[in-house]
Amino acid sequence: MNGDPKVNFSGLLRDYLDDDAATENVSAAVSSQVPVVEPELVVNPWDIVLCTSGTLISCENAIVVLIIFHNPSLRAPMFLLIGSLALADLLAGIGLIINFVFAYLLQSEATKLVTIGLIVASFSASVCSLLAITVDRYLSLYYALTYHSERTVTFTYVMLIMLWGTSICLGLLPVLGWNCLRDESTCSVVRPLTKNNTAILSVSFLFTFALMLQLYIQICKIVMRHAHQIALQHHFLATSHYVTTRKGVSTLAIILGTFAACWMPFTLYSLIADYTYPSIYTYATLLPATYNSIINPVIYAFRNQEIQKALCLICCGCIPSSLSQRARSPSDV
């Protein structure tokens, strides 16, 4: 029959293509109007706190380094060791800042290894410098008559070379391959340090603390004996002798107690924990360790009379009479 209907497939296909093209045009127009949302950079608040701590450490210890470096009169063994401590803490603060920058801006295996190497080396040098200062204080009291000799200066330089050489070697271990970037199961609480690496660092700290404790006990005995002798020579009252001795013992207790309170939590935690533990525990124990580098300049540098004089000369161009007339007592340890 001539009246059979005929289906125009070409027309339907053309209409379908026209509709599809219109739909694509509408989608393109809509997508052009909707802004593309890029993923935001999430910053860990603990990392911000560590970076802030590093900034404070750097500023504080930079002042001590500049004072000792620009003052020729501060070249005695004691000031060389204080300068070593300040330099180590300064590098530790810079390491914390660099770690924050590299973690969020320049992420790579090389930057991780360099950063962790700098932090390990600087904190190791800081702890070793504290031990060297303790040894120097013990020698200055036990060998009071021969302390200001050329032998003491030579011994001080030997200590500085040994402590910085050891610290640099410890910092190079992760860079030279002793890390857990290839084997996650060997990681410690501080990636990319291995569990064995942190164990060596922790045991070394415990040994250093035990040695410092023994030396400070001996220093305490010497201070008490010196204070007693001075009291007898000048016919001081027993109360005066007791106050002087108590002040010296309190100073030593504050020095050693601060050191232990800052470093002991992280040391013990890194011995028993590994990478499977929540990172918040690592931050919570590592942060007090950084505070030790903030407190060190206050205890060892800014309490020193000569550094106080140099700082006053830089700030106001004069030396307060209270500093120029102050005499050193057995409690100034």
What is the distance from atom [atom1] of [X] to atom [atom2] of [Y], rounded to the nearest 0.5 Å?
X	Y	atom1	atom2	answer
Ile82	Asn61	CD1	CG	12.0 Å
Leu215	Arg137	CG	CZ	12.0 Å
Leu80	Ile133	CG	CD1	11.0 Å
Ile161	Thr166	CD1	OG1	11.5 Å
Leu160	Phe155	CG	CZ	10.5 Å
Ile307	Phe79	CD1	CZ	5.5 Å

Note to self: With side chain to side chain contact (heavy atoms under 4.5 Å, CB included) as the criterion, how do Ile219 and Tyr216 come out once you've worked through the C-alpha distance, each side chain's angles and the decisive distance to 0.1 Å?
What the structure shows: CA-CA 5 Å; Ile219 290 174; Tyr216 272 124; 3.9 Å; yes
Next item on the list: Tell me whether the centres of the aromatic rings in Phe205 and Phe259 are closer together than 6.0 Å.
Entry: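 Yes, they do, as the ring centres are separated by less than 6.0 Å.
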Least distance between heavy atoms, [X] atom then [Y] atom:
X	Y	value
Leu206	Met264	CD2-SD, 3.7 Å
Ala261	Pro265	O-CD, 3.3 Å
Lys195	Asp274	NZ-N, 4.4 Å
Glu60	Ile294	OE1-O, 2.9 Å
Leu90	Ser58	CD1-O, 3.3 Å
Tyr291	Cys262	C-SG, 4.3 Å

Under a 3.5 Å distance rule, please check whether [X] uses its side chain to pair with a backbone N or O of [Y] as donor and acceptor.
X	Y	value
Thr258	Ile255	no
Tyr104	Asn44	yes
Ser53	Val49	no
Ser202	Ala199	no
Thr186	Cys180	no
Arg75	Phe69	yes
Asp136	Ala132	no
Thr115	Asn99	no
Thr285	Tyr269	no
Thr134	Leu130	yes

Single-linkage hydrophobic cluster [X]~[Y], side-chain heavy atoms < 4.5 angstrom:
X	Y	value
Leu91	Leu286	yes
Tyr275	Val120	no
Val175	Ile200	no
Leu66	Leu311	no
Leu213	Tyr300	yes

Taking the side chain as every heavy atom from C-beta outward, state whether [X] and [Y] have any atom pair closer than 4.5 Å.
X	Y	answer
Trp263	Thr208	no
Ile48	Phe100	yes
Ser270	Val190	no
Asn292	Asn296	yes

Next item on the list: May I ask you to check whether Thr146 and Ser149 show a side-chain donor-acceptor distance below 3.5 Å?
Entry: no
Notebook entry, point to check: So among Ser124, Ser84, Ser167, which one has a side-chain hydrogen bond (donor to acceptor under 3.5 Å, both in side chains) with Ser129?
Noted result: Ser84
Item checked: Given Thr194, Leu193, Thr198, the one that forms side chain to side chain contact (heavy atoms under 4.5 Å, CB included) with Asn196 -> Thr194
Check: Quick check: are there more than 12 heavy atoms from other residues, nucleotides or ligands sitting under 6.0 Å from CD1 of Ile272?
Finding: yes
